[in-house]
Amino acid sequence: MERLRRGAQQMGISLTEAQLDLFRRYRDLLLEWNRRFNLTAIDTPEQVEIRHFLDSLSCLVALRQLDGYPGVARLGAPVRAIDVGTGAGLPGLALKIVWPGLRLTLLDAVAKKVRFLEHVVNELGLYGVVAIHGRAEELAHQPDHREGYDLVLARAVAPTGPLLELTLPFLHPDGWLLAQKGPSVIAELMGVDRALAVLGGRLHRAIPVEVPYLAEDRFIVAVQKVLPTPDRFPRRPGVPVRRPL
Ligand code: SAH
């Protein structure tokens with residue numbers, strides 16, 4: 001875990017012994033379940049620490065850079081966040097470990113992943129986390145969830161255009177979407193103007209972030225919700241990706 005501790009330090013995050021212990025237990029559960037259920041392609045302790053944990057923590061680096069923008073200033077108080085397409089809990093659970101006050105919803109369409117998430121939350125004794133099995137296209141229409149969040153997180157779920165339809169309906173006006181992206185971001189951002197206008201989002205920018213021990217380009221696309229999303233979005237399951245706005 002020395003690598004994780006040092007990497008986080010490089011990102012300006014000092015992990016306590018208790019947090020390192022939670023990360024170690026999470027990592028070991030991930031590796032153990034992965035052998036049985038094939039949850040993610042990443043299957044060594046080193047890769048979990050770098051590609052899952054440090055990569056997830058880069059969201060905090062981006063948030064710090066947004067400090068002072070409307071909505072972000074409020075992100076000190078009990079923040080409600082949803083991780084859409086969280087898979088084995090990333091980035092959501094990694095952020096929860098360093099940000100214990102976060103009220104976190106983890107959403108995934110695959111039942112076995114949600115069972116894993118529930119197991120991790122129990123084993124680690126985390127409070128204020130719920131894991132939901134479902135699709136963003138459906139959950140975003142439920143009154144408890146629609147415009148019910150200050151922050152939406154998403155990594156490796158869909159190209160930016162369709163992703164906006166899957167995520168922006170969860171945010172109240174002033175809330176923020178942080179979408180983790182690789183080098184494809186530049187191409188993906190061309191042609192999202194219409195989706196942003198229709199869904200009530202405003203692109204802030206793609207923030208370049210450095211992930212320690214990872215020589216790959218990483219960006220966090222930061223989008224602010226500025227207007228309510230019309231009720232007809234998101235469209236039915238599968239449509240946002242099949243027929244992007
Ligand atoms: N965010 C994780 C997982 C990425 S894989 C990580 O970066 O490691 C993409 C995940 O998104 C899959 O687990 C898939 O089940 C989920 N997913 C894709 N589309 C979804 C949708 N419309 N609603 C909910 N989950 C979705």
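Whatever order the structure lists ligands and atoms in, that order sets their numbers, starting from 1. Predicted, not measured: the structure shown is a model, and the values here were computed from it. All heavy atoms count here, side chains included; hydrogens, waters and symmetry mates do not.
Ring orientation note: the planes of F170 and H145 are nearly perpendicular, at an angle over 60° on the 30°/60° scale. Aromatic ring orientation, F37 versus W33: tilted (interplanar angle from 30° to 60°).
Of the possible donor and acceptor atoms, none in the side chain of K181 sits under 3.5 Å from a partner among the backbone N and O of V185. E137 contributes no side-chain N or O that, together with a main-chain N or O of P240, makes up a donor-acceptor pair within less than 3.5 Å.
With respect to E138 and R135, no salt bridge is recorded, no charged nitrogen being found less than 4.0 Å from a carboxylate O.
Within 6.0 Å of CD in E210 there are 12 or fewer heavy atoms belonging to other residues, nucleotides or ligands.
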Note down each nitrogen or oxygen pair, ligand 1 side and protein side, whose separation is under 3.5 Å; give only atom names and the distance to 0.1 Å.
unit_1: ligand 1; atom_1: 1 (N); unit_2: G85; atom_2: O; d: 2.8
unit_1: ligand 1; atom_1: 1 (N); unit_2: L90; atom_2: O; d: 2.8
unit_1: ligand 1; atom_1: 1 (N); unit_2: R155; atom_2: O; d: 2.9
unit_1: ligand 1; atom_1: 7 (O); unit_2: R155; atom_2: O; d: 3.3
unit_1: ligand 1; atom_1: 7 (O); unit_2: R155; atom_2: NE; d: 2.6
unit_1: ligand 1; atom_1: 7 (O); unit_2: R155; atom_2: NH2; d: 3.2
unit_1: ligand 1; atom_1: 8 (O); unit_2: R155; atom_2: NH2; d: 3.0
unit_1: ligand 1; atom_1: 13 (O); unit_2: D108; atom_2: OD1; d: 3.1
unit_1: ligand 1; atom_1: 13 (O); unit_2: D108; atom_2: OD2; d: 2.7
unit_1: ligand 1; atom_1: 13 (O); unit_2: K113; atom_2: NZ; d: 2.9
unit_1: ligand 1; atom_1: 15 (O); unit_2: D108; atom_2: OD1; d: 2.7
unit_1: ligand 1; atom_1: 22 (N); unit_2: R135; atom_2: NH2; d: 3.4
unit_1: ligand 1; atom_1: 22 (N); unit_2: E137; atom_2: OE1; d: 2.9
unit_1: ligand 1; atom_1: 23 (N); unit_2: A136; atom_2: N; d: 2.9
unit_1: ligand 1; atom_1: 25 (N); unit_2: A109; atom_2: N; d: 3.3

